[in-house]
Chemist: 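Take this structure, written in structure tokens, and hold onto it; I'll ask about it next.
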Amino acid sequence: MFVFFDTSAFVKRYVNESGTDKVMEWCDRATEIGLSGIALPEIISAFCRLQREGKITDGQYRQLKSLLMADIEDAVLCNLTPLVLSKAVLSLENNVLRGMDALHIGSAVALKADVFISSDKRQCEAADRAGLKVEWV
């Protein structure tokens, strides 16, 4: 099963919070994991914020970054193609979304993901309207 993760969900693979167990279950079930190319800088941004706030140490940051980079090697990364951008614009025109959230939806649609995983209910509703099977975590 090809599982596409929005950043809000995939970061739970590295940061233990509500929904982490579900994310780990979906990762185990996936035969392929898909991510938008923007997920990497978004997740690193989250790690940096945790480090700045003193919630993780420098060593923990390096460990999390290393785990993420290893996972990214095995993931299907979606570039910002004209198709992704057009699907993102369509999602923005038909839903109340942030631009980055629409890019994740456009990426999942372009990759023909079997399921779209997010922690953002509004984004899940928009992904559903875009024809994706959705799971909120």
Side-chain angles (χ1 to χ4, degrees):
M1 174 185 314
F2 182 35
V3 179
F4 186 95
F5 288 91
D6 167 62
T7 301
S8 67
F10 201 66
V11 75
K12 293 174 187 288
R13 183 170 169 84
Y14 312 98
V15 179
N16 191 16
E17 57 188 36
S18 177
T20 292
D21 291 342
K22 282 184 168 182
V23 166
M24 299 309 282
E25 289 171 16
W26 277 106
C27 287
D28 289 343
R29 291 175 59 189
T31 55
E32 277 189 302
I33 290 176
L35 299 167
S36 173
I38 64 172
L40 177 63
E42 286 186 317
I43 293 171
I44 293 294
S45 174
F47 293 166
C48 289
R49 180 182 47 79
L50 292 172
Q51 185 182 28
R52 280 191 309 273
E53 293 173 353
K55 294 180 179 172
I56 62 172
T57 65
D58 292 348
Q60 289 170 318
Y61 168 81
R62 286 190 302 275
Q63 182 181 21
L64 290 171
K65 181 181 173 187
S66 178
L67 291 169
L68 172 63
M69 297 310 287
D71 285 342
I72 293 293
E73 286 181 21
D74 295 330
V76 176
L77 293 178
C78 187
N79 294 318
L80 299 181
T81 65
L83 176 60
V84 170
L85 295 173
S86 69
K87 296 297 183 181
V89 167
L90 189 61
S91 286
L92 289 167
E93 291 173 342
N94 293 310
N95 302 278
V96 178
L97 286 175
R98 294 179 298 239
M100 293 296 194
D101 292 339
L103 288 172
H104 287 285
I105 292 170
S107 295
V109 170
L111 291 176
K112 298 181 171 110
D114 293 319
V115 63
F116 179 86
I117 313 288
S118 176
S119 293
D120 182 326
K121 286 190 178 189
R122 185 172 56 198
Q123 184 186 35
C124 285
E125 291 167 359
D128 180 63
R129 284 192 278 283
L132 295 166
K133 179 182 176 198
V134 175
E135 181 73 24
W136 180 78
V137 293

Chemist: Run the salt-bridge test on D21 and K12 with the 4.0 Å N-O cut-off and return the result as yes or no.
Modeler: no

Chemist: Looking only at heavy atoms, which two atoms of C27 and F10 are closest? And how far apart?
Modeler: SG-CE1, 4.3 Å

Chemist: Applying a strict under-4.5 Å side-chain criterion to I, L, V, M, F, W and Y, I'd like to know whether L40 and I43 cluster together.
Modeler: yes

Chemist: Please assess I33 against W26 for the test side-chain contact (heavy atoms from CB on, under 4.5 Å), listing each intermediate value before the final yes or no.
Modeler: CA-CA 9 Å; I33 290 176; W26 277 106; over 6 Å; no

Chemist: Checking N79 side chain against T81 main chain: does a donor-acceptor pair fall under 3.5 Å?
Modeler: no

Chemist: Show me the pairs that pass side-chain hydrogen bond (donor to acceptor under 3.5 Å, both in side chains) and involve residues 127-137, at least two apart or across chains.
Modeler: N95-R129

Chemist: Determine whether I44 and L103 fall in the same hydrophobic cluster, where Ile, Leu, Val, Met, Phe, Trp and Tyr are linked whenever their side-chain heavy atoms lie under 4.5 Å apart.
Modeler: no

Chemist: Testing the basics here: between V11 and E17, what is the closest heavy-atom pair and its distance to 0.1 Å?
Modeler: CG1-OE2, 4.4 Å

Chemist: Show me, pair by pair, the donor-acceptor contacts under 3.5 angstrom made by side chains of residues 52-60, not counting sequence neighbours?
Modeler:
{"residue": "E53", "atom": "OE1", "partner": "R49", "partner atom": "NH1", "Å": "3.4"}
{"residue": "E53", "atom": "OE1", "partner": "K55", "partner atom": "NZ", "Å": "3.2"}
{"residue": "T57", "atom": "OG1", "partner": "G59", "partner atom": "N", "Å": "3.4"}
{"residue": "T57", "atom": "OG1", "partner": "Q60", "partner atom": "N", "Å": "3.0"}
{"residue": "T57", "atom": "OG1", "partner": "Q60", "partner atom": "OE1", "Å": "3.4"}
{"residue": "D58", "atom": "OD1", "partner": "Q51", "partner atom": "NE2", "Å": "2.6"}
{"residue": "Q60", "atom": "OE1", "partner": "T57", "partner atom": "N", "Å": "2.7"}

Chemist: When clusters are formed by joining ILVMFWY residues with side-chain heavy atoms under 4.5 Å apart, either directly or through shared neighbours, do F4 and L85 land in the same one?
Modeler: no

Chemist: Among the clusters formed by ILVMFWY side chains lying less than 4.5 Å apart, do L90 and M100 turn up in the same one?
Modeler: no

Chemist: Before you tell me yes or no, could you show the steps for M1 and V115 under side-chain contact (heavy atoms from CB on, under 4.5 Å), namely the whole-Å CA-CA distance, both residues' side-chain angles and the distance that decides it to 0.1 Å?
Modeler: CA-CA 8 Å; M1 174 185 314; V115 63; 4.0 Å; yes

Chemist: Identify the heavy atoms of S119 and A9 that sit nearest to each other, and give their distance.
Modeler: OG-CA, 3.8 Å

Chemist: Any chance you could measure D101, atom CG, to L92, atom CG, to the nearest 0.5 Å?
Modeler: 9.0 Å

Chemist: So do L35 and H104 actually touch side chain to side chain, heavy atoms under 4.5 Å?
Modeler: no

Chemist: Which residue is it: L132, V134, V137, I117? I am looking for the one with a side-chain contact (heavy atoms from CB on, under 4.5 Å) to C124.
Modeler: V134

Chemist: If we only count heavy atoms from C-beta on, is the V96 to R122 side-chain gap below 4.5 Å?
Modeler: yes

Chemist: Which value, rounded to the nearest 0.5 Å, describes the distance between F47 atom CZ and R62 atom CZ?
Modeler: 14.0 Å

Chemist: Without swapping roles, check the side chain of D114 against the backbone of F2 for a donor-acceptor pair under 3.5 Å.
Modeler: yes

Chemist: Can you give me every donor-acceptor pair (side chain of residues 68-78, partner residue at least two apart or in another chain, under 3.5 Å) with its distance?
Modeler:
{"residue": "D71", "atom": "OD1", "partner": "R13", "partner atom": "NH2", "Å": "3.4"}
{"residue": "D71", "atom": "OD2", "partner": "R13", "partner atom": "NE", "Å": "2.7"}
{"residue": "D71", "atom": "OD2", "partner": "Y14", "partner atom": "OH", "Å": "2.5"}

Chemist: Is the shortest heavy-atom distance from the side chain of F116 to the side chain of I105 under 4.5 Å?
Modeler: yes

Chemist: Is it the case that D120 and S118 place a side-chain donor and acceptor less than 3.5 Å from each other?
Modeler: no

Chemist: Any side-chain to backbone donor/acceptor pair from S45 onto P41? Under 3.5 Å, distance only.
Modeler: no

